[in-house]
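The structure presented is a predicted model; accordingly, all values stated were derived computationally and were not measured.
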Amino acid sequence: MEAVKAFRLGWNPGEQGRDCYRDRTAWGLPEEFKDNGKPKKLWIPRGLVIPTFRDGLLYRVRIRRTAPREFGQKYYVLPGSGMGPMILHEDAKAFVVVEAELDAIACAAATGFTIGAVGLGSISTKPDEFGHKVFQKSLCILNALDFEPAQDEGADPKAAKSEEMKKRIRGWWQKTYSQAKRWPVPVGKDPGEAVAEGVQLREWIRAGLTPAFLVAVSKKEKRAEAPAKIPQAVIDFQRELTGKPISMELSGESGVELIFDDKWAQAHWNEFRRLADRFWEPEIMEWMEALPVNRVSAENILKYCKN
């Protein structure tokens, strides 16, 4: 219910079990006429009302119809709506990009409304000028567009060609925004299916943000002095890191970033998340900041110790 209120979702029950029809001019729309010369009515189908806002103003009204006919569309956008992507929390520094708007709402709600989410409506939709300005200012973009399983060798050539096109479209985000990375759901093809399989969206998003989200830290002209003795937490951490393809980059203009192997992270998700979190423990971070290296890994975290 909190998400319903926060994102102003609504329900149009219709009138006497039927869709609504209204005068177009009453909604600020130009008048249109049928072939017989009679004015056209504004069609407002029954269903879940999904609004999109920009700068606090209503930008689009999309309705997920209750019972669309076979030849009718499942989603309907009211005339006069803008057609740019849904962007939730425009001032966020990190975003999750998904196809369905309801999935975007679920992702934003799962993180306690602290992370931005983008619902494209279609995998081929790209940011408009407004969206591009928002994403340029972000520090991290998780590209979670629908994941499709690989085609079988004997698959329909048209289907294979379509999938190849989708791969190029999904890769567009990484090519356009340097802070974007591919982060599909670990199970299923989208967040909705992942939730049905028991995935906690908050933990999945958090795992993606932990290594990719650049945390602003003050840059020091001179590194801090290392503690006189290696903390036991650092020694234990080095053992846990050994053999794992994960390290921390302490240089860069924006701050700190975790570097890791994508395939390993997804295959060992729980272990990856645990190790990623440990990098940020105050005692471990203080030790790493004192090391005369820019990238810290299991191989060098103890190399420059005094004892």
K.L.:
Specify the closest pair of heavy atoms between Arg46 and Gly14, including all atoms of both residues, with the distance to one decimal.
P.N.:
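That would be CG-CA, 3.5 Å.
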K.L.:
When you compare the side chain of Lys181 with that of Leu142, does any pair of heavy atoms fall below 4.5 Å?
P.N.:
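Yes, side chains in contact.
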K.L.:
Please determine whether residues Ile230 and Met248 belong to a single hydrophobic cluster, defined as Ile, Leu, Val, Met, Phe, Trp and Tyr linked transitively by side-chain heavy-atom distances below 4.5 Å.
P.N.:
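Looking at the clustering, Met248 is in the same group as Ile230.
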K.L.:
Quick one: SG on Cys107 to CG on Asp190, what's the gap to the nearest 0.5 Å?
P.N.:
9.5 Å
K.L.:
Taking all non-hydrogen atoms of both residues into account, name the closest pair between Cys20 and Glu15 and its distance.
P.N.:
SG-CG, 3.8 Å
K.L.:
Give the intermediate values and the outcome of side-chain contact (heavy atoms from CB on, under 4.5 Å) for residues Leu120 and Leu145.
P.N.:
CA-CA 9 Å; Leu120 299 180; Leu145 291 175; 3.6 Å; yes
K.L.:
Using a 4.5 Å cut-off on heavy atoms from C-beta on, say whether the side chain of Arg239 contacts that of Ile235.
P.N.:
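A side-chain contact exists here, since the closest heavy-atom pair is under 4.5 Å.
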K.L.:
For the residue pair Trp11 and Thr66, establish whether any side-chain heavy-atom pair is separated by less than 4.5 Å.
P.N.:
yes
K.L.:
Checking side chain to side chain contact (heavy atoms under 4.5 Å, CB included) against Phe7, which of Ile50, Leu88, Leu102 comes through?
P.N.:
Leu88
K.L.:
Using every non-hydrogen atom in the two residues, find where Pro231 and Glu283 come nearest and quote the distance to one decimal.
P.N.:
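Between these two residues, the closest heavy atoms are CB-OE2, 3.3 Å.
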K.L.:
Name all pairs fulfilling the side chain to side chain donor-acceptor pair (under 3.5 Å) condition that reach into residues 31-40, sequence neighbours left out, sorted by first residue then second.
P.N.:
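Counting only pairs at least two positions apart or across chains, the side chain to side chain donor-acceptor pair (under 3.5 Å) contacts touching residues 31-40 are Arg24-Glu32.
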K.L.:
What distance separates Lys137 NZ from Gln179 CD, expressed to the nearest 0.5 Å?
P.N.:
12.5 Å
K.L.:
Taking Trp204's backbone N and O only, do any of them form a donor-acceptor pair with Trp183's side chain (distance below 3.5 Å, no angle check)?
P.N.:
yes
K.L.:
Say whether, by atom type as modelled, one donor and one acceptor occur between the side chain of Asn300 and the main chain of Ser297 under 3.5 angstrom.
P.N.:
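Yes, Asn300 side chain to Ser297 backbone: donor-acceptor pair under 3.5 Å.
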K.L.:
Using salt bridge (Lys or Arg N to Asp or Glu O under 4.0 Å) as the criterion, list what pairs up with Arg18, not counting sequence neighbours.
P.N.:
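So Arg18 forms no salt bridge (Lys or Arg N to Asp or Glu O under 4.0 Å) with any residue.
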K.L.:
Please indicate whether Gln200 has more than 12 foreign heavy atoms, meaning atoms of other residues, nucleotides or ligands, lying under 6.0 Å from its CD.
P.N.:
no
K.L.:
If you take all heavy atoms of Asp23 and Lys41, which pair is closest and at what distance?
P.N.:
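Minimum heavy-atom contact is N-CD, 4.3 Å.
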K.L.:
Within a 6.0 Å radius of atom CH2 on Trp43, are there more than 12 heavy atoms belonging to other residues, nucleotides or ligands?
P.N.:
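Result for CH2/Trp43: enclosed.
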K.L.:
Can Met86 be reached from Val61 by stepping across I, L, V, M, F, W or Y side chains whose heavy atoms are under 4.5 Å apart?
P.N.:
no
K.L.:
As an exercise, state the distance from CG of Asn12 to CD1 of Ile44, rounded to the nearest 0.5 Å.
P.N.:
7.0 Å
K.L.:
Assess the residue pair Ile105 and Leu9 against the criterion (side-chain contact (heavy atoms from CB on, under 4.5 Å)); give the C-alpha distance rounded to whole Å, side-chain angles, the decisive distance to 0.1 Å, and a yes or no.
P.N.:
CA-CA 10 Å; Ile105 290 173; Leu9 299 177; 3.7 Å; yes
K.L.:
Tell me, do Asp19 and Tyr76 make a side-chain contact under 4.5 Å, heavy atoms counted?
P.N.:
no
K.L.:
Let's go through Glu101 and Arg64 carefully: what are the C-alpha distance in whole Å and the side-chain angles of both, what is the deciding distance for side-chain contact (heavy atoms from CB on, under 4.5 Å) to 0.1 Å, and is it a yes or a no?
P.N.:
CA-CA 10 Å; Glu101 292 177 337; Arg64 189 180 191 275; over 6 Å; no
K.L.:
When rounded to the nearest 0.5 angstrom, what distance separates OG in Ser138 from NZ in Lys133?
P.N.:
15.0 Å
K.L.:
Determine the minimum heavy-atom distance between Glu90 and Phe95, stating which atoms define it.
P.N.:
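Closest heavy-atom pair between Glu90 and Phe95: O-CZ, 3.8 Å.
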K.L.:
Hey, does Pro51 have a side-chain heavy atom less than 4.5 Å from the side chain of Leu58?
P.N.:
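Leu58 reaches Pro51 side chain to side chain.
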K.L.:
Mind checking whether Phe135 and Thr176 have side chains closer than 4.5 Å, heavy atoms only?
P.N.:
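Contact flag for Phe135/Thr176 side chains = no.
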K.L.:
Rounded to the nearest 0.5 Å, what separation is found between the CD atom of Gln73 and the CZ atom of Arg65?
P.N.:
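Result: 6.0 Å between the selected atoms.
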K.L.:
A side-chain contact here means heavy atoms from C-beta on lying under 4.5 Å apart; do Leu275 and Lys244 qualify?
P.N.:
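They are in contact (side-chain heavy atoms under 4.5 Å apart), so the answer is yes.
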K.L.:
Is Phe53 linked to Ile87 within one hydrophobic cluster, defined over Ile, Leu, Val, Met, Phe, Trp and Tyr using a side-chain heavy-atom separation of less than 4.5 Å?
P.N.:
no
K.L.:
Find the distance between CD (Glu299) and CG (Leu241) and round it off to the nearest 0.5 Å.
P.N.:
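Spacing of CD (Glu299) from CG (Leu241) equals 8.5 Å.
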K.L.:
Apply side-chain contact (heavy atoms from CB on, under 4.5 Å) to the pair Val185 and Glu193, showing each step before the final yes or no.
P.N.:
CA-CA 9 Å; Val185 291; Glu193 289 191 2; over 6 Å; no
K.L.:
Would you say Phe130 ends up clustered with Tyr59 if hydrophobic residues are merged whenever their side chains have heavy atoms under 4.5 Å apart, either directly or through other cluster members?
P.N.:
no
K.L.:
If you link ILVMFWY side chains whenever their heavy atoms are less than 4.5 Å apart, which other residues fall into the same cluster as Val77? By chain and number, please.
P.N.:
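Val77 shares its hydrophobic cluster with Met83.
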K.L.:
Around atom CD of Gln232, are there more than 12 heavy atoms of other residues, nucleotides or ligands at under 6.0 Å?
P.N.:
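Yes, the 6.0 Å shell around CD holds more than 12 heavy atoms from other groups.
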K.L.:
Assign the ring pair His132 / Tyr177 to parallel, tilted or perpendicular, where the plane angle (0 to 90°) is split at 30° and 60°.
P.N.:
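Plane angle between 30° and 60°, so tilted.
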K.L.:
Could you check whether any side-chain heavy atom of Ser81 comes within less than 4.5 Å of a side-chain heavy atom of Arg62, counting everything from C-beta outward?
P.N.:
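No - every pair of side-chain heavy atoms lies 4.5 Å or more apart.
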K.L.:
Parallel, tilted or perpendicular for Phe272 and Phe260, by the 30°/60° rule?
P.N.:
tilted
K.L.:
Might you point out which heavy atoms bring Ile301 and Gln238 nearest each other, and give the distance in Å?
P.N.:
CG2-CG, 3.3 Å
K.L.:
Is there a path of hydrophobic side-chain contacts, each under 4.5 Å between heavy atoms of I, L, V, M, F, W or Y residues, that connects Tyr21 with Ile63?
P.N.:
yes
